[in-house]
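To keep things clear, I will list the structure first and then write my remarks on it.
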Amino acid sequence: MSEPLDTIFNKILKGEMPCHKVYEDDDFLVILDVFPAHIGHCLVIPKIPAKDIYELDEGLAAKLFPLVQKIARIVKETTGCDGINVLQNNGIAAEQTVFYFHTHIIPRFDSDGIVMKRPTNKFTKEHFEEMAGKLSSRL
């Protein structure tokens with residue numbers, strides 16, 4: 001990590017700010033988002049700070065998705081929602097507003113009116129083949 005993070009999540013983890021805790025273990029804190037898309041919207045926050053996915057500790061990354069899955073199941077059962085969005089933003093262009101890695105678990109309902117719009121870019125088969133080749137060659 002490039003520099004110490006001073007965010008609302010640091011303050012919550014230090015006990016300097018209140019939260020609505022859903023779950024906690026040695027590695028993660030799960031809280032309710034105070035600006036939820038819908039009630040039950042949770043945030044999964046690692047206890048080892050990282051600005052974004054690029055700085056996230058690999059050990060925590062390996063533990064993250066099993067916890068996200070567990071919380072998503074509980075959110076779905078508890079809220080009776082029709083679906084779940086799992087969202088994680090990295091960088092301003094991706095609408096990251098708190099520069100401390102966190103994952104959103106958002107309950108969704110058929111009639112909630114929330115719209116996630118896809119761009120209307122049109123790419124050719126050649127564009128996809130070229131990009132797949134470039135990405136694959138770096139793995």
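Keep in mind that this is a model prediction, so the values were computed, not measured.
Under the 4.5 Å side-chain heavy-atom criterion for grouping Ile, Leu, Val, Met, Phe, Trp and Tyr, Val98 is connected to Leu43 within one hydrophobic cluster. Ile48 and Leu29 fall into different hydrophobic clusters, where Ile, Leu, Val, Met, Phe, Trp and Tyr residues are linked whenever their side-chain heavy atoms come under 4.5 Å apart, directly or through other members. In terms of hydrophobic clustering, with Ile, Leu, Val, Met, Phe, Trp and Tyr side chains grouped at heavy-atom distances under 4.5 Å, Val34 and Phe9 are assigned to different clusters. In the hydrophobic clustering of this structure, Val22 does not group with Ile45; members are Ile, Leu, Val, Met, Phe, Trp, Tyr whose side-chain heavy atoms approach within less than 4.5 Å, directly or through other members. Hydrophobic cluster membership differs between Leu32 and Ile12, with clusters built from Ile, Leu, Val, Met, Phe, Trp and Tyr side chains linked at under 4.5 angstrom.
A heavy-atom distance below 4.5 Å is not found between the side chains of Lys51 and Phe101.
No more than 12 heavy atoms of other residues, nucleotides or ligands sit less than 6.0 Å from atom CD1 of Ile39. Residue Ile92 places its CD1 atom among 12 or fewer non-hydrogen atoms of other residues, nucleotides or ligands, all under 6.0 Å distant. Within 6.0 Å of CD in Glu95 there are 12 or fewer heavy atoms belonging to other residues, nucleotides or ligands.
The two atoms that bring Ala72 and Ile84 nearest to each other are O-CD1, 3.9 Å, heavy atoms only. Nearest approach of Leu87 to Asn89, heavy atoms of both residues: CD1-OD1, 3.6 Å. Across all non-hydrogen atoms, the minimal contact from Pro46 to Leu60 is CB-CD1, 3.7 Å. Of all heavy-atom pairs between Pro107 and Thr79, the closest is CB-OG1, 3.9 Å. Minimum heavy-atom separation, Pro66 to Ala62: CD-O, 3.7 Å.
Ring planes of Phe109 and His38: tilted class, angle from 30 to 60°.
Taking CZ of Arg108 as the start and CG of Asp82 as the end, the distance is 10.0 Å to the nearest 0.5 Å. Here the NE2 atom belonging to His102 is positioned 12.0 Å from the CG atom belonging to Leu64, to the nearest 0.5 angstrom. Atom CE of Met116 and atom CD1 of Ile114 lie 7.0 Å apart (nearest 0.5 Å). With rounding to the nearest 0.5 angstrom, the CD1 atom of Ile105 is 7.0 Å from the CG atom of Leu67.
Remark: Asp27 does not engage Lys47 in a salt bridge, criterion side-chain N to carboxylate O under 4.0 Å. A salt bridge links Glu130 with Lys134; the closest basic N to acidic carboxylate O contact falls under 4.0 Å.
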